[in-house]
Trainee: 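Structure in structure tokens, see below.
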Amino acid sequence: MMGPCTASANGLTSTSRPRPAGLAACLTAGLLALTLLAFQAASAWSDDGERGKELFGLCKRCHQVGSGATHRIGPHLNDVFGRAAGSLAGFRYSRAMREAGTGGLVWDDATLDAFLADPHTFVPRSRMSFDGIKGMDDRAALLAWLQGYSGGAADLPPAEPTATPEEYGLDVKILSVAGDPEYGAYLAGECTTCHRTDGADKGIPSIVGWPVDDFVIALHAYKSGTRVHAVMQMVAGRLSDEEIAALAAHFQEVEGNP
Amino acid sequence: MRKQNGKSDLSRRGFVASAAAATAVASVLPAPAVLAGGRPRVVVVGGGAGGATAARYIAKDSQGAVDVTLVEPSRAYYTCFFSNLYIGGFREWESIGHSYGALAANHGVNVVHDWAVSVDRDNRSVGLAGGGSLAYDRLILSPGIDFRDGSVPGWDLSQQNRMPHAYKAGSQTQLLKAQIEAMPEGGTYCMVAPPNPFRCPPGPYERISMVAHVLKQANPTAKIIIVDPKEKFSKQGLFEEGWQRHYPGMIERIGPDFGGDMVEVRPEAMEVVVDGEAMKVDVCNVIPAQQAGRIAAAAGITDDSGWAPIVPHTMQSRADENIHVLGDAALQGDMPKSGFSANSQAKACAMAVRGALTGSSVFPPRYSNTCWSLIATGDGVKVGASYEATDEKIAKTDGFISQTGESAELRMATYEESLGWYDGITADMFS
């Protein structure tokens with residue numbers, strides 16, 4: 001499903017400020033709350049590139065971009081501009097995202113802007129567990145920076161990892177623990193009281209189809225207390241290394257809603 | 001949704017499903033004795049968070065190797081959890097209703113809409129109110145609660161239309177909401193709160209919050225009185241902080257120090273008598289003392305407490321190894337009586353039952369619980385704990401609770417998390 005702003009925003013490619021009037025008017029009419037929020041986010045940056053790169057920090061837990069980028073929790077974002085939504089081989093998209101692509105959604109400056117403004121409204125039931133970036137200027141800066149990774153640019157900087165044990169003070173050996181998917185399937189019962197196996201992410205993130213390493217690092221980060229969430233710290237707190245590996249092995253194979 | 005027509009329909013479907021399953025599992029089973037007569041049979045009584053989850057997991061994970069029948073009188077099941085949000089106007093009634101169609105269609109569970117009224121433990125069969133009986137190899141009882149006669153003098157079930165309990169979600173919940181909305185200007189809502197132990201420890205106090213939310217908008221001079229036999233209650237600091245902030249001066253709680261444990265009601269006169277002193281009220285929500293749903297006592301597996309003692313590792317009745325008890329009805333130790341707890345226990349039980357009947361792997365059980373409560377718009381709080389099975393009881397190992405003074409953003413995130421949890425657990429029960 002296309003979001004409410006697609007029609008008026010389609011075809012706009014400029015990222016210069018002030019934002020094109022068509023998009024602003026659409027936001028005012030249809031997404032008043034977002035517009036109000038957008039102006040609260042005035043930021044003191046001077047360089048789109050630096051600000052854009054900084055904002056990519058909101059995305060980099062799931063997405064890679066740059067040379068050597070691969071699919072992680074989300075698909076890689078090289079050459080995302082001009083690509084049909086949900087179309088990359090090798091990534092298990094939600095049905096919603098695939099249907100948006102076959103329905104004609106192509107990522108460009110306007111559609112990415114509308115998606116990032118309110119992902120759950122623009123592509124309902126996609127698996128992107130992200131509430132969006134409310135600031136219009138922030139989205140413009142991020143997209144301007146991201147556009148540098150589209151269009152076949154050569155000599156891209158290397159992709160950064162989505163997560164490393166080191167950044168959470170974890171022993172790298174956690175990544176080499178073998179997980180028993182059958183045990184993981186049983187342990188998963190404790191997760192699925194809250195996390196949905198169909199990959200829906202309303203209020204509680206989707207955890208299906210994650211790469212094993214990202215899953216293992218996230219749970220260990222909760223267990224060690226470097227990632228903060230009362231429920232997750234309690235749940236992870238009593239999981240052994242083998243149990244975390246087992247859960248990662250299990251959930252990697254859960255298809256969601258293919 | 002598939003129509004359930006009684007036993008002939010059950011047998012036919014059971015036969016069709018078993019033909020494929022028998023060949024698939026025969027070669028890998030260690031052939032427990034119960035298989036001699038065909039597929040092992042599990043009967044689950046009660047289609048709530050415990051029973052629906054157990055039926056779903058046994059059917060799903062055994063992939064047809066176990067014949068699962070769920071006995072539940074209601075065709076449309078309304079969850080007790082989030083029924084307070086309906087009273088507060090935060091949920092539509094339909095949004096907390098669920099059907100059993102997917103359990104039948106997706107997992108082959110036989111759903112029988114009837115009351116289980118008796119258990120013949122020697123012959124391992126369950127008697128149904130509509131006549132007939134269901135034979136089992138393992139019986140899972142997840143009947144929830146019933147009320148203790150005489151716990152609130154002056155009240156019995158025949159008075160539930162004048163003084164609703166609204167503590168089993170359904171028409172009672174709708175009645176209570178209508179009564180609150182019809183209160184005269186400046187009128188009084190009174191809750192007679194239950195003694196421990198009872199279903200959903202924060203439930204009465206979340207309900208108070210939701211009633212206050214409704215009255216603050218529609219009837220701001222109305223009063224709320226809680227007559228409470230308990231010294232303290234779940235999330236007390238969080239609720240009292242929230243009431244002070246959102247509903248100042250509206251809510252008064254009469255604890256046992258002031259006669260909250262000496263209460264009597266007079267439904268005809270709409271009076272509540274506290275420690276001998278009568279007061280007129282406009283709505284009286286009586287939540288009586290509780291015990292296991294009556295099928296547990298009928299099966300002879302409850303003790304003097306009125307609840308059914310269980311073996312912590314498997315949720316088996318201490319009185320009968322062929323019967324498991326889940327959720328509110330179980331006397332298990334430290335877990336609160338909640339939908340989350342019942343769902344958690346159901347998965348451990350399902351694993352134990354499958355292991356016993358089909359020889360599948362059995363791992364140590366893991367129990368956990370989280371209870372979210374809504375105090376006002378966007379003001380959500382939670383309490384939770386993890387548990388392990390010891391020989392004596394299900395014992396708490398770790399826990400957390402929301403803090404007073406948390407930011408509005410965190411409270412909103414907690415509320416949104418509860419919405420996600422609702423979708424998660426109901427999918428885990430019914431999908």
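Chain letters run A, B, ... following the sequence lines, proteins first and then strands; every chain starts at 1. This one's a predicted model, so the numbers in the text were calculated from it and none came from an experiment.
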Trainee: Find the one option among S402(B), G424(B), A346(B) whose heavy-atom pairs under 4.5 Å with chain A are most numerous.
Mentor: G424(B)

Trainee: Starting at OG1 of T370(B), measure out to CE of M234(A) and round the result to the nearest 0.5 Å.
Mentor: 4.5 Å

Trainee: Can a side-chain donor-acceptor contact be found between S344(B) and E190(A) if the only test is distance below 3.5 angstrom?
Mentor: no

Trainee: Side chain from CB out, backbone as N, CA, C, O: work out which of these in D423(B) comes under 4.5 Å of a heavy atom of chain A, or both, or neither.
Mentor: both

Trainee: Inspect the surroundings of CG in D171(A) and state if more than 12 heavy atoms from other residues, nucleotides or ligands are less than 6.0 Å away.
Mentor: yes

Trainee: What are the two closest heavy atoms between R196(A) and A427(B), and how far apart are they?
Mentor: NE-CB, 4.5 Å

Trainee: More than 12 heavy atoms of other residues, nucleotides or ligands under 6.0 Å from CZ of R92(A): is that the case?
Mentor: yes

Trainee: Test: ring pair (Phe, Tyr, Trp, His ring centres under 6.0 Å). Region: residues 366-419 of chain B. Which pairs qualify, not counting sequence neighbours?
Mentor: W372(B)-W421(B)

Trainee: Do the ring planes of F363(B) and Y183(A) sit parallel (below 30°), tilted (30 to 60°) or perpendicular (above 60°)?
Mentor: tilted

Trainee: Quick one: which residues of residues 197-214 of chain A reach chain B at under 4.5 angstrom, heavy atoms only?
Mentor: K202(A), G203(A), I204(A)

Trainee: Please determine, among T397(B), T426(B), I425(B), the option with the most heavy-atom pairs under 4.5 Å with chain A.
Mentor: I425(B)

Trainee: With distance as the sole criterion, is a donor-acceptor pair present between the side chains of T192(A) and Y57(B) under 3.5 Å?
Mentor: yes

Trainee: Would you please name every residue forming a salt bridge (charged side-chain N to carboxylate O under 4.0 Å, His left out) with R56(B), sequence neighbours left out?
Mentor: D428(B)

Trainee: If you draw a 6.0 Å radius around NZ in K60(A), do more than 12 non-hydrogen atoms from other residues or ligands fall strictly inside?
Mentor: no

Trainee: If you compare all heavy atoms of S361(B) against all heavy atoms of E182(A), which two are closest, and at what distance to 0.1 Å?
Mentor: OG-OE2, 3.0 Å

Trainee: Taking all heavy atoms of R238(A) and all of S368(B), pick out the closest pair and write down the distance.
Mentor: NH2-CB, 3.9 Å

Trainee: Rounded to the nearest 0.5 Å, what separation is found between the CG atom of L187(A) and the NZ atom of K347(B)?
Mentor: 11.5 Å

Trainee: Among E416(B), M351(B), R366(B), which has the most heavy-atom pairs under 4.5 Å with chain A?
Mentor: R366(B)

Trainee: Residue by residue, scan residues 404-411 of chain B and write down, ordered by number, those that have a heavy-atom distance under 4.5 Å to chain A; if none do, write 'none'.
Mentor: none

Trainee: Would you indicate whether the side-chain heavy atoms of Y186(A) and P365(B) approach each other to under 4.5 Å?
Mentor: yes

Trainee: Chain A: which of S386(B), A350(B), G339(B) shares the most heavy-atom pairs with it under 4.5 Å?
Mentor: S386(B)

